[in-house]
Q: 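For reference, the structure I am asking about is given below.
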Amino acid sequence: MLSADKINLQNFLGYLEIRGYSLHTLKAYRIDIENILTFLGKDKIAITNLTHSDFLKWLKNIEGLEKKTITRKISSLKSFLRFLKSRNQIKEDPFIWLSSPKLPRNLPIHLVEDEAVILFKQTPSEPSALRDYLILAFMYGSGLRVSEVVTLTIEDLDLEEGTVRIIGKGNKERKSYFPPPFIPLLKTFITEYRNEFNPCSSHLFLNLKGLPLSSRYIHLLTNKLTGQLLGKKINPHALRHSFATHLMEHGVDIRYVQELLGHKSLSTTQIYTHISKKRLKDAYSKALEK
């Protein structure tokens with residue numbers, strides 16, 4: 001028979017799943033909370049009876065872990081306790097005052113605009129190469145995540161309007177735009193080449209077997225092409241970062257960038273203001289050197 005703590009954990013994970021959390025995120029929550037429950041279980045302490053003293057003992061137990069890992073585990077615990085309070089399993093969140101350790105915020109890797117020009121300078125004509133070219137164009141030109149590229153369908157596109165319908169995290173729908181210079185290429189791909197992969201599939205991008213592409217393929221593709229053309233390998237998310245960074249540098253309002261990226265919180269988008277300020281500072285420093 002499952003303990004009350006295990007049942008609460010199952011209910012919590014089920015709640016997160018309904019809210020659209022990814023399998024990867026659910027796994028992280030499960031591992032973190034099971035770790036806490038196991039530690040408390042040694043002293044036969046239920047999570048609903050957790051005290052400040054118990055928490056400090058657990059924190060002492062994990063103090064040797066990386067700061068990032070400790071921060072995640074504390075965040076998982078706080079989320080679980082908030083859930084228990086909402087279900088009246090505990091009277092009040094005993095650690096509502098608790099703040100996670102401050103982590104240094106690294107600026108995301110991104111391309112400068114000259115590198116983006118080089119990346120898209122040569123237009124391929126062979127079907128698979130054109131498909132790969134357009135995949136990169138959707139990440140840099142529309143700000144799509146890898147998971148959004150692999151699920152993109154023909155019906156998601158409005159080529160006359162130049163818009164893209166995206167189903168993002170938590171099954172939330174948003175709209176972005178496809179760069180106008182690339183629209184003729186996208187039309188050519190759909191009308192002349194797309195059916196060679198699989199005319200019966202609704203997915204826009206398919207492999208040579210007519211099946212949807214994997215996320216791994218897009219990671220390998222991005223690494224390969226950026227290595228060949230730019231002399232450095234970047235991951236697909238760096239193209240999305242570049243999309244946001246270049247919009248901000250051209251004066252696009254941060255709230256529009258937030259909407260295009262599908263960020264739930266404006267604070268997530270604000271990282272790109274730091275990038276823009278750093279670029280401005282670098283340009284200023286170089287100007288003084290001349």
Q: Regarding Thr25 and Ser22, do their side chains bring together a donor and an acceptor under 3.5 Å, going by distance alone?
A: yes
Q: Under a 4.0 Å threshold between the charged nitrogen and the carboxylate oxygen, would Glu259 count as salt-bridged to Arg174?
A: no
Q: Can you see which heavy atom on Pro127 is nearest to which on Phe189, and at what distance?
A: O-CE1, 3.9 Å
Q: Any chain of hydrophobic side-chain contacts (each under 4.5 Å) joining Ile33 to Leu59?
A: yes
Q: Using distance alone, with no hydrogens and no angle criterion, decide if Asp132 and Tyr217 have a side-chain donor and acceptor under 3.5 Å apart.
A: yes
Q: How about Phe243 and His110: are their ring centres within less than 6.0 Å of each other?
A: no
Q: For Lys172 and Ile166: C-alpha separation, side-chain torsions, deciding distance, then whether side-chain contact (heavy atoms from CB on, under 4.5 Å) applies.
A: CA-CA 8 Å; Lys172 292 183 178 179; Ile166 306 160; over 6 Å; no
Q: For the residue pair Arg82 and Ser79, confirm or rule out a side-chain donor-acceptor distance under 3.5 Å.
A: yes
Q: Determine whether Lys233 and Lys224 satisfy the following criterion, side-chain contact (heavy atoms from CB on, under 4.5 Å), listing intermediate values before the conclusion.
A: CA-CA 7 Å; Lys233 295 181 179 180; Lys224 176 184 175 182; over 6 Å; no
Q: Are more than 12 heavy atoms, taken from residues, nucleotides or ligands other than Arg87, located less than 6.0 Å from that residue's CZ atom?
A: yes
Q: Under the criterion side-chain contact (heavy atoms from CB on, under 4.5 Å), I'd like the reasoning laid out for Ile234 against Asn223: C-alpha separation, chi angles, the key distance, then a yes or no.
A: CA-CA 6 Å; Ile234 63 171; Asn223 268 215; 6.0 Å; no
Q: Identify the two heavy atoms, one from Val257 and one from Met248, that lie closest to each other, and give their separation to 0.1 Å.
A: CG2-SD, 3.8 Å
Q: How long is the straight-line distance from CG of Leu9 back to CG of Asp5, given to the nearest 0.5 Å?
A: 8.5 Å
Q: Does atom CD (Gln228) have a neighbourhood of more than 12 heavy atoms from anything else shown, all under 6.0 Å?
A: yes
Q: Should the ring pair Tyr29 and Tyr21 be called parallel, tilted or perpendicular, given that the plane angle runs from 0 to 90° and is split at 30 and 60?
A: perpendicular
Q: Can you hop from Ile31 to Leu26 via hydrophobic side chains spaced under 4.5 Å?
A: no
Q: Other residues, nucleotides and ligands only: do more than 12 of their heavy atoms fall within 6.0 Å of NZ on Lys232?
A: yes
Q: Applying the 4.5 Å side-chain criterion to the ILVMFWY set and letting contacts propagate, would Ile118 and Leu130 be lumped into a single cluster?
A: yes
Q: Is it true that atom CD of Glu66 has more than 12 heavy atoms of other residues, nucleotides or ligands lying nearer than 6.0 Å?
A: no
Q: Report the C-alpha distance between His246 and Tyr140 in whole Å, list the side-chain angles of each, state the deciding distance to 0.1 Å, and finish with yes or no for ring pair (Phe, Tyr, Trp, His ring centres under 6.0 Å).
A: CA-CA 10 Å; His246 296 165; Tyr140 172 71; 5.6 Å; yes
Q: Within the side chain of Glu161, is there an N or O that forms a donor-acceptor pair under 3.5 Å with the backbone of Thr163?
A: no
Q: Count the heavy atoms belonging to other residues, nucleotides or ligands that lie under 6.0 Å from CG of Asp253, then report whether that count exceeds 12.
A: yes
Q: Just how far is it from atom OG of Ser86 to atom CG of Leu81, taken to the nearest 0.5 Å?
A: 11.0 Å
Q: For the residue pair Tyr133 and Gln122, establish whether any side-chain heavy-atom pair is separated by less than 4.5 Å.
A: no
Q: What's the spacing between Phe197 CZ and Asn195 CG if we round to 0.5 Å?
A: 10.5 Å
Q: So, the side chain of Asn207 versus the backbone of Leu211: is there a donor-acceptor pair under 3.5 Å, distance only?
A: yes
Q: Find out whether Leu134 and Phe205 are in side-chain contact, i.e. whether some heavy atom of one side chain is under 4.5 Å from a heavy atom of the other.
A: yes
Q: Determine whether Tyr177 and Val164 make a side-chain contact, defined as any pair of heavy atoms from C-beta on separated by less than 4.5 Å.
A: no
Q: Taking the ring centre of each residue, are His237 and His241 less than 6.0 Å apart?
A: yes
Q: Any idea how Phe178 and Phe138 line up, ring-wise: parallel (<30°), tilted (30 to 60°), or perpendicular (>60°)?
A: tilted
Q: Which atoms form the tightest heavy-atom contact between Pro236 and Val146, and what is the distance?
A: CB-CG2, 3.3 Å
Q: With side-chain contact (heavy atoms from CB on, under 4.5 Å) as the criterion, how do Thr222 and Met139 come out once you've worked through the C-alpha distance, each side chain's angles and the decisive distance to 0.1 Å?
A: CA-CA 10 Å; Thr222 309; Met139 290 187 289; 3.7 Å; yes
Q: Using modelled atom types only, decide if a donor and an acceptor are shared between the side chain of Asp54 and the backbone of Leu50 within a distance under 3.5 Å.
A: no
Q: First locate atom CD of Glu148, then atom OG of Ser215, and finally report the distance between them rounded to the nearest 0.5 Å.
A: 11.0 Å
Q: So with a 6.0 Å cut-off around CD of Glu17, is the heavy-atom count from everything else above 12?
A: no
Q: So which atom in His203 and which in Val150 form the shortest heavy-atom distance, rounded to 0.1 Å?
A: CD2-O, 3.2 Å
Q: Report yes or no: do Ile190 and Leu208 belong to one cluster of Ile/Leu/Val/Met/Phe/Trp/Tyr joined by side chain heavy-atom distances under 4.5 Å?
A: yes
Q: Should Leu239 and Leu119 count as side-chain neighbours, where that means a heavy-atom distance under 4.5 Å?
A: yes
Q: Using every non-hydrogen atom in the two residues, find where Leu261 and Arg240 come nearest and quote the distance to one decimal.
A: O-NH2, 2.9 Å
Q: Is Ile167 reachable from Val149 through a run of I, L, V, M, F, W or Y residues, each pair having side-chain heavy atoms under 4.5 Å apart?
A: no
Q: Please round to the nearest 0.5 Å and tell me the distance separating atom CG of Asn8 and atom OG of Ser3.
A: 8.5 Å
Q: Is it true that Phe182 and Phe120 have ring centroids separated by less than 6.0 Å?
A: yes
Q: With side chain to side chain contact (heavy atoms under 4.5 Å, CB included) as the test, pick out the partner of Thr153 among Ser202, Ser201, Pro212.
A: Ser202
Q: Under 3.5 Å, is there a donor-acceptor pair between the side chain of Arg165 and the main chain of Leu157?
A: no
Q: Quick one: closest heavy-atom pair of Cys200 and Asn198, and the distance?
A: N-OD1, 2.9 Å
Q: Short question: side chain of Ser142, backbone of Leu144 - any donor-acceptor pair under 3.5 Å?
A: no
Q: Apply side chain to side chain donor-acceptor pair (under 3.5 Å) to residues Thr38 and Asn35 and explain how you reach the verdict.
A: CA-CA 5 Å; Thr38 299; Asn35 170 265; over 6 Å; no
Q: Rounded at 0.5 Å granularity, tell me how far CD in Glu34 sits from OG in Ser76.
A: 11.5 Å
